[in-house]
Each structure stands twice: as C-alpha cells, then as structure tokens.
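Residues take their numbers from the sequence shown, with the count starting at 1.
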Amino acid sequence: MQKPFRVRLATITLVLLLGVWWALASAATGQKAFPNGQYLLTASELMQRQKKEPLVIVDVRTDEDFDGKVIPGAIRLPWSAFRSEDPARNMEGLFVGPAQAQQILGEHGLFRNDMIVLYDSVASDGGATASYIFWVLDMLGHKKMAILERGIDGWLAAGGKVVNKPQKREPLLYQAPTDEINLRRKVDEQFILPRLGDPYYQILDVRSSGEYLGKTLNTGLNGDPLKAGHIPGAFNINYENNWADAERKTLKSYADLAKMYQGLNPTAGVIAYCHSARRSSFSYFVLRLLGFKDVLLYDNSWFGWGGQERYYPAETTVNLLRGQAPPQVEQTAKADTKGQQPPAQNKTSQGPASGSQKKGYISCGG
C-alpha cells in the first residue's frame, strides 16, 4: 500500500516542480503569456514553426514601405488592397467588403485552412498595418493566423535571411462558410448611435489625445476639417501605448497591457475606432490577443462620424477608465486648417456618457 502512495506523491511533486520551473523560465525569457498567444509570433518562434509545419507568410507592406526584401517564401499582399475610397461621401480607407476580400485572398493563393503569418515593418508602423488584414481574417472566421512581432525588422534582428523575390502562389478559391463569417466585427453609425449609453458597449478611441480632445483636427478626403472631439462616452487609449518601445515597436507584456486596459470589461463589447480604422485595427488585435471576445471595429471611424454634414454628436469631455490618468495634449497639437481656434477642453467626467446631453457636446453636424 505504501509503494503506490509514494509513487503518486513523487509524481505530484515532480509535476509541481516542473510547473515552478516553467514559470521561472517564462519569467526569465520574458515569454508573453497572452490568453490568445497563438496570434503573436516572435521571429525565433516563426523560424521554429517553419521547420515543423507549412506556413503561408504574407508581407503586407505597400509599395511606399517595401524595400524589395522579403522573408524567404513570403508572398506580397499589401494591406491597402482591402480598402477603397468614396469621394461622394468624402471618405477613404473603407473596407471593400467580405465578398471582395475573399476574392483578393483567393487570387493570392490563400486557402481557408492555411496558417497565415502576417508581417510589416517598424517603418510601416510595426504591426499596425498587418493588424488590418488580421481583422479581415478574424471577421471571415479564419482560424489560423498570427502577426510577426516587429515584422521584418524583428526577423533580421534574429538573424533571419531575406530574399529579393516574393513567392507567387497559384490562385485558389477562398470561401468562408456563411455561418462562420462574423459581420458583427464591422460596425457602422447606425449600429453605434442607438447604443450610446448602453453599458454593454464600451467605445474606445485609439487616436492621439489631441485628436480625442478636439485640439488636433482630422480631415476628410477633400482635406477639409472634420468635427472636433470624439464619440460621446468614448474612452481614449492611444494605439501607440501598446508598444513598450516606440522606436523598436516591441509589444508590451501581458501584465502591462492588462493593466492599461483594466478598466474595460472583457466580458462586454468593445467598439474601437480612430480616423480610418487602420490604427484601431491594431488595438483590435491587441484586445483579441488579451482574450477579449466581442471586439468590434468601426470601419468608417471619424471619417464617418465626424463629417460636418452628418448629424452625429461629438464631445470634448474626457471619459476615464478606472485608474486612468487624464490625457495630456501634445505640445504640437494643430489648430483648424482654416485658422479657426479649436474648442476648449471641458471638465473631466467619469464613465460613459448617459443618454441625455451633457457638457462637452460641441457639434451634431449639419
């Protein structure tokens, strides 16, 4: 009777010791214990994965940022291929839609079951363009995709080789089953407006504090200034704050990111937006990495909400998450391009806006 007991005790002790060793090893190596850690790869992890399984590596840089060098085996698919402009509505950076997105993926030889690794570069905003295609794939219900941390710069820093010629893949049929496409990932004004003040929906403005406070004005496609401020009740966490190192574009640790977003309810919906949805796609990716499930991207972003001719309310009131410090406006904040003075900042308020009007509404357009 004693022997089986001793064996069980020894086994339990060994398991506990292995657990302690793994925790210490993870801390020593800085391993990121993200709930959805499969969505992020370091260069060394990518090198190891390449030896074990077939991967489709995608360079998403546009011609403007492309230097002619790619990771061996990578194809080129600029992230901008999934966006268009609409001069009639004075908007740019609009998603082309799920049907055309699938056509684009198929034309580049991507298949539904592929493990897709997306990368850009530090110069092209370190992950904040690869994240746009990540959002597209996530909306289409693609199961296996990841972003390479620091992009091709991280690859080179880890000793990775590069080649001069991207790979060409034979066109395929990329077809997502209708019941797996989550169109809820993309929202518009008609979705957001009636939900202002709904405690389930948390609105996250990822622009700079100057843009959020109405000190720096976004412009429409024609160059004219849009309304100042933000969507009523929106919180502000600049997408750049996701980086531990703004120059190297290394992502903060799970602990630091969890602390930064601690005021958001992970079991509720989060609607992210910026000026054109490019920056907010990066915050979308980070929230998905952190384990948030109901993350929504406002595709039209401030192009859609901030048009002077549109009757959507805007405010300059500050809304703070728990433990969040009031945003500080950059010293270089720009005034209205027509020479008008931007509106003054209103008093700080806590929590999301209620259904009634409050101080800080500066325009409804029209």
Side-chain angles (χ1 to χ4, degrees), residues 34-36 38-39 79 82-84 86 89 91 93-105 110 112 116 118 128 130-147 174-207 230-235 237 239 242 261 263-305 310 312 352-353 355:
F34 292 106
N36 281 331
Q38 73 274 15
Y39 291 148
W79 71 279
F82 294 90
R83 288 156 64 96
S84 64
D86 187 347
R89 291 194 293 161
M91 297 166 62
L94 303 178
F95 176 52
V96 296
Q100 190 172 340
Q102 292 178 80
Q103 181 180 342
I104 293 169
L105 293 168
L110 299 180
R112 184 68 177 169
I116 300 175
L118 309 163
S131 59
Y132 193 85
I133 301 184
F134 176 92
W135 167 68
V136 172
L137 292 171
D138 205 22
M139 179 171 50
L140 294 177
H142 197 94
K143 304 301 183 188
K144 299 185 294 184
M145 68 276 195
I147 289 180
Y174 185 101
Q175 187 169 9
T178 304
D179 61 351
E180 293 184 14
I181 299 176
N182 188 357
L183 294 179
R184 180 181 169 79
R185 297 287 186 197
K186 174 184 175 293
V187 298
D188 57 16
E189 298 81 18
Q190 286 68 42
F191 182 92
I192 296 172
L193 186 62
R195 290 170 175 80
L196 294 180
D198 185 331
Y200 178 80
Y201 291 98
Q202 306 156 101
I203 304 176
L204 183 64
D205 187 319
V206 313
R207 297 175 299 168
H230 54 267
I231 296 174
F235 305 106
I237 299 179
Y239 82 109
N242 292 304
Y261 289 105
L264 290 179
N265 181 357
T267 64
V270 181
I271 301 172
Y273 79 93
C274 54
H275 182 196
S276 68
R278 195 270 300 176
R279 289 177 285 178
S280 50
S281 74
F282 187 60
S283 296
Y284 174 98
F285 164 72
V286 171
L287 289 173
R288 294 286 286 124
L289 191 64
L290 291 172
F292 283 70
K293 293 182 178 179
D294 197 12
V295 188
L296 320 173
L297 189 69
Y298 175 23
D299 182 43
N300 295 341
S301 281
W302 204 245
F303 270 117
W305 197 275
R310 299 185 180 97
Y312 299 115

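- Relative orientation of the F285 and F134 rings is perpendicular, given thresholds of 30° and 60° on the angle between their planes.
- You'll find the side chain of I192 reaches within 4.5 Å of the side chain of V187, heavy atoms only.
- Here the closest heavy-atom approach between residue E189 and residue N300 is recorded as OE2-ND2, 3.0 Å.
- No side-chain donor-acceptor contact under 3.5 Å links E180 to the backbone of A176.
- Summarising the geometry of S281 relative to A128, their closest heavy-atom pair is OG-O, 4.3 Å, with the distance given to 0.1 Å.
- For the pair I147 and L289, the minimum side-chain heavy-atom distance is 4.5 Å or more.
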For L140 and Q102, what are the C-alpha separation, side-chain angles and deciding distance, and is it a side-chain contact (heavy atoms from CB on, under 4.5 Å)? CA-CA 8 Å; L140 294 177; Q102 292 178 80; 3.9 Å; yes
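- In this structure, Y239 and R207 have side chains that are not in contact, with every pair of non-hydrogen atoms separated by 4.5 Å or more.
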Go through the steps to decide whether I203 and F235 satisfy the test side-chain contact (heavy atoms from CB on, under 4.5 Å), and finish with yes or no. CA-CA 6 Å; I203 304 176; F235 305 106; over 6 Å; no
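- W302 CH2 to C274 SG: the interatomic distance, rounded to the nearest 0.5 Å, is 12.0 Å.
- Formation of a donor-acceptor pair under 3.5 Å by the D299 side chain with backbone atoms of K186 is not found in this model.
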Apply side-chain contact (heavy atoms from CB on, under 4.5 Å) to the pair Y261 and V286, showing each step before the final yes or no. CA-CA 10 Å; Y261 289 105; V286 171; 4.0 Å; yes
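- By the 30° and 60° cut-offs, the orientation of the rings of H142 relative to Y174 is parallel.
- Considering only heavy atoms from C-beta on, F282 stays 4.5 Å or farther from V206 through its side chain.
- Between W305 and Y298, the two ring planes are perpendicular [angle over 60°; tilted spans 30° to 60°].
- Residues that satisfy the salt bridge (Lys or Arg N to Asp or Glu O under 4.0 Å) test with R89, not counting sequence neighbours, are D86.
- Nearest approach of P35 to G291, heavy atoms of both residues: CB-CA, 4.0 Å.
- Scanning all heavy atoms of the two residues, the minimum distance from R112 to Q175 falls at CD-O, 4.0 Å.
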Determine, stepwise, if the pair V270 / Y284 fulfils side-chain contact (heavy atoms from CB on, under 4.5 Å). CA-CA 9 Å; V270 181; Y284 174 98; over 6 Å; no
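- At a threshold of 4.5 Å between non-hydrogen side-chain atoms, the residues R185 and D138 count as touching.
- One distance of note links CD of Q38 with CZ of F34; it measures 11.5 Å at 0.5 Å rounding.
- No side-chain heavy atom of I231 sits under 4.5 Å from any side-chain heavy atom of I271.
- Checked against the 6.0 Å centroid criterion, the rings of Y201 and F191 qualify as a close aromatic pair.
- For the atom pair CZ of R279 and OG of S131, the computed distance is 12.0 Å after rounding to the nearest 0.5 Å.
- A272 approaches S280 most closely through the heavy-atom pair C-CB, 3.9 Å.
- A cation-pi arrangement is absent between R288 and Y39 under the rule of less than 6.0 angstrom and at most 45 degrees off the ring axis.
- Residues W79 and L118 are not in side-chain contact: their nearest non-hydrogen atoms beyond the backbone lie 4.5 Å or more apart.
- Atom CZ in F82 sits 7.5 Å away from atom CZ in F95 (nearest 0.5 Å).
- Side-chain atoms of R184 never come within 3.5 Å of backbone atoms of M139 as a donor-acceptor pair (strictly under, hydrogens ignored).
- Shown here for G263 and Q202, the closest heavy-atom pair between the two residues is O-OE1, 4.3 Å.
- Residue I237 holds its CD1 atom at 10.5 Å from CG of D205, rounded to the nearest 0.5 Å.
- At a threshold of 4.5 Å between non-hydrogen side-chain atoms, the residues D294 and Y200 count as touching.
- Between the CD1 atom in I116 and the CG atom in L105 there is a gap of 6.5 Å [rounded to 0.5 Å].
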